[in-house]
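Working notes, structure below.
A, B, ... follow the sequence lines: proteins, then strands. Residue 1 opens every chain.
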Amino acid sequence: MTHPCDLTIAEAGEALRNGTLSAVELAQAHLERIEQRNDRLLAFIDVNPEAVLQQARAADARLTEGECDDLPMLGIPVALKDLFDVAGTATTCGSHVQAGQVATQDAVVVQRIQSAGAVLLGKVATYEFALTGPAFDQPNPPPRNPWNLDHITGGSSSGSAAAVAGGLVRCALGTDTGGSVRSPAAYCGIVGLKPTYERLSRQGVFPLSDSLDHVGPLAACVADAALCFDAFAELADAPAATQWLWKSLAGLRLGYGRDWFADDPAVDPQAVTAMDAAASQLSLLEARIEPVDLPDYDLFEAVGTVILQAEALAVHKKALGTMPERYGRAALRNLITGTVLTPEHLAAARAMQQHLSDEMDAVLHRVDALITLTTLTPAPAFAAFTDGQPVWTPMRTFPFNLTGHPVLTVPIGFSNGLPLGMQIIGKRNDEARICQIGQAFEQSTDHSVIKPNL
Amino acid sequence: MTEPRFPTGQLTAETFSRLLSGHGLTITPDDQAAALAASQNLLAQAERVCAALQAAEADDDAPL
């Protein structure tokens with residue numbers, strides 16, 4: 001019999017609705033998992049078991065009343081990156097700067113979680129202010145990669161990735177400003193969905209860069225990610241993300257952005273092999289794979305970096321001026337680089353952001369979706385970070401924070417026992433299509449079936 | 001705008017220090033030194049963005 005924590009959200013929901021499992025039993029199973037594994041993974045930083053069980057009891061009451069037909073998340077545990085405001089609890093943002101900052105209101109997404117009847121298990125770790133990491137001078141130590149505890153999870157949604165990959169929760173919400181949902185999802189062998197810009201509300205979520213910040217779920221499988229997205233998203237004139245799950249890919253045209261990584265000196269050869277194999281697998285599923293020329297990747301990265309650093313400095317300038325000693329060294333050193341930028345630089349970057357978005361729209365106009373690697377290597381070891389200097393972790397995620405297109409990352413295999421991921425990029429508000437493609441791929445391979453040995 | 005623009009390669013440690021002060025930031029010499037290379041890289045990226053925009057605008061203005 002499958003352990004309750006390992007049921008998909010749909011399976012757990014069915015068990016809750018037919019009475020073979022209660023929300024309290026499901027919550028208790030997750031609390032026990034956290035108790036058993038969190039000491040090694042360091043994913044959760046704040047869990048209040050009594051508050052969890054109180055929510056679960058409320059969910060059971062709603063289930064008993066039959067209030068469940070339109071609430072697929074009713075009684076399902078979820079976790080939140082510690083950037084989201086939950087009234088009455090501290091939003092630490094992984095920083096000593098935020099000590100004692102107790103939220104007075106729930107973030108909009110938290111309101112959505114409550115309306116959906118999901119059970120908030122607790123807060124999970126983040127790199128400091130979603131900026132840079134891993135670092136050891138912050139309130140919480142960095143989470144560990146469940147596939148190899150000596151390796152990083154990636155970030156900044158580090159706790160979200162470790163919690164899901166470690167089997168502590170099926171879905172955790174994170175934020176993605178340059179890849180912070182997708183890269184840790186890829187590094188930890190799980191699914192990450194960066195939706196279309198502003199489809200999940202950012203209100204009540206501590207900002208890094210308003211123009212680039214996205215809220216998104218990290219989940220154990222594509223269907224789980226799609227269900228969470230549908231339950232918590234803002235309304236849009238678009239099909240639900242779950243609408244085309246289990247549908248055939250026959251006839252879909254997928255543009256393969258191979259030039260973005262194949263000849264990069266930093267790419268792991270096994271990642272190229274895995275990505276080519278993933279494209280072949282999609283072809284076997286009757287999708288038509290077409291090489292595409294994508295706009296210059298390096299220019300995307302330059303534009304994104306200018307916008308991010310300018311906007312992040314604006315967010316932090318006051319606190320940097322009054323309490324610089326409370327920042328972790330890596331975060332402070334990153335933030336102050338923004339002082340070299342001028343308003344003209346930022347204006348040019350915003351103009352180029354529009355230009356590049358238009359170019360990407362034109363590429364996506366010719367196909368149903370794009371595919372490319374998520375990260376060029378598997379997760380580096382913690383040992384690479386010991387001298388305090390930033391370590392370059394090459395990825396191909398940043399462009400879609402600039403353009404706002406939805407992106408799903410799914411596992412595509414391993415290099416030296418560490419997971420790799422593929423991005424599936426859709427047209428705006430086309431979460432349904434990328435989830436359809438991702439799930440068909442997932443169901444046709446065993447990459448998502450293999451779990452870390454914990 | 002209060003800060004002058006610095007062509008790539010002219011962001012010295014002294015200039016960076018003045019920029020930080022101009023923003024009202026008191027940053028230790030160690031942190032300034034550690035951030036200098038990244039700041040130079042960021043400035044180079046910003047200049048590249050400006051050049052790309054000029055090229056894009058020139059393309060848009062070119063006769064068909």
Side-chain angles (χ1 to χ4, degrees), chain A residues 131-132 137 295-296 298-310 312-314 316-325 327-356 358-359 387-390 392 398 402, chain B:
Chain A
L131 198 59
T132 184
D137 55 0
D296 178 6
D298 289 339
L299 184 55
F300 272 111
E301 193 149 298
V303 171
T305 303
V306 168
I307 293 173
L308 190 157
Q309 297 298 155
L313 179 63
H316 288 277
K317 194 169 171 182
K318 184 178 174 188
L320 282 169
T322 55
M323 46 182 153
E325 72 286 352
Y327 281 86
R329 293 304 86 194
L332 178 137
R333 291 168 180 178
N334 180 299
L335 285 166
I336 63 176
T337 63
T339 58
V340 306
L341 298 172
T342 67
E344 286 82 357
H345 291 141
L346 183 56
R350 290 197 198 288
M352 281 309 297
Q353 178 184 15
Q354 185 59 56
H355 191 83
L356 290 167
D358 292 344
E359 285 191 34
D387 67 358
Q389 290 300 308
W392 179 239
F398 215 164
L402 283 163
Chain B
M1 180 180 146
T2 55
E3 305 87 15
R5 294 183 70 172
F6 300 99
T8 305
Q10 292 188 19
L11 183 71
T12 62
E14 292 72 25
T15 306
F16 186 39
S17 184
R18 281 205 309 276
L19 280 173
L20 291 166
S21 299
H23 279 271
L25 304 180
T26 305
I27 305 297
T28 66
D30 275 358
D31 286 333
Q32 289 189 32
L36 181 60
S39 301
Q40 290 167 333
N41 286 338
L42 178 59
L43 188 56
Q45 285 185 305
E47 296 297 340
R48 182 180 175 202
V49 171
C50 291
L53 179 63
Q54 286 177 353
E57 289 173 341
D59 275 353
D60 290 344
D61 292 341
L64 296 173

Pairwise distance CG(D31(B)) to CG(L335(A)) - rounded to 0.5 angstrom: 11.5 Å
Distance-minimising heavy-atom pair for I336(A) and A35(B): CD1-CB, 3.7 Å
Leading residue by heavy atom contact count with chain A [cutoff under 4.5 Å; candidates A52(B), G24(B), S39(B)]: S39(B)
Closest heavy-atom pair and its distance - L53(B), A351(A): CD1-CB, 3.7 Å
Portion of N334(A) that has a non-hydrogen atom of chain B nearer than 4.5 angstrom: neither
Atom group of L346(A) that falls short of 4.5 Å from chain B, counting heavy atoms: neither
T337(A) to L42(B) - nearest heavy-atom pair and separation: O-CD2, 3.4 Å
Note, R48(B) side chain near L299(A) side chain (heavy atom, < 4.5 Å): yes
Ion pair D30(B)/R333(A), N-O distance below 4.0 Å: no
Flag side-chain contact, heavy atom, 4.5 Å: L313(A) against H23(B): yes
Spatial distance of atom OH (Y327(A)) from atom CD1 (I27(B)) [nearest 0.5 Å]: 9.5 Å
Option in A56(B), A46(B), A38(B) with maximal non-hydrogen atom pairs under 4.5 Å from chain A: A46(B)
Inter-residue atom distance L320(A).CG - L25(B).CG, 0.5 Å rounding: 6.0 Å
Over all atoms of both residues, closest heavy-atom pair of V340(A) and L43(B): O-CD1, 3.9 Å
Contact check, side chains of H345(A) and C50(B), non-hydrogen atoms, under 4.5 Å: yes
Proximity breakdown for L332(A) and chain B, heavy-atom pairs closer than 4.5 Å: side chain
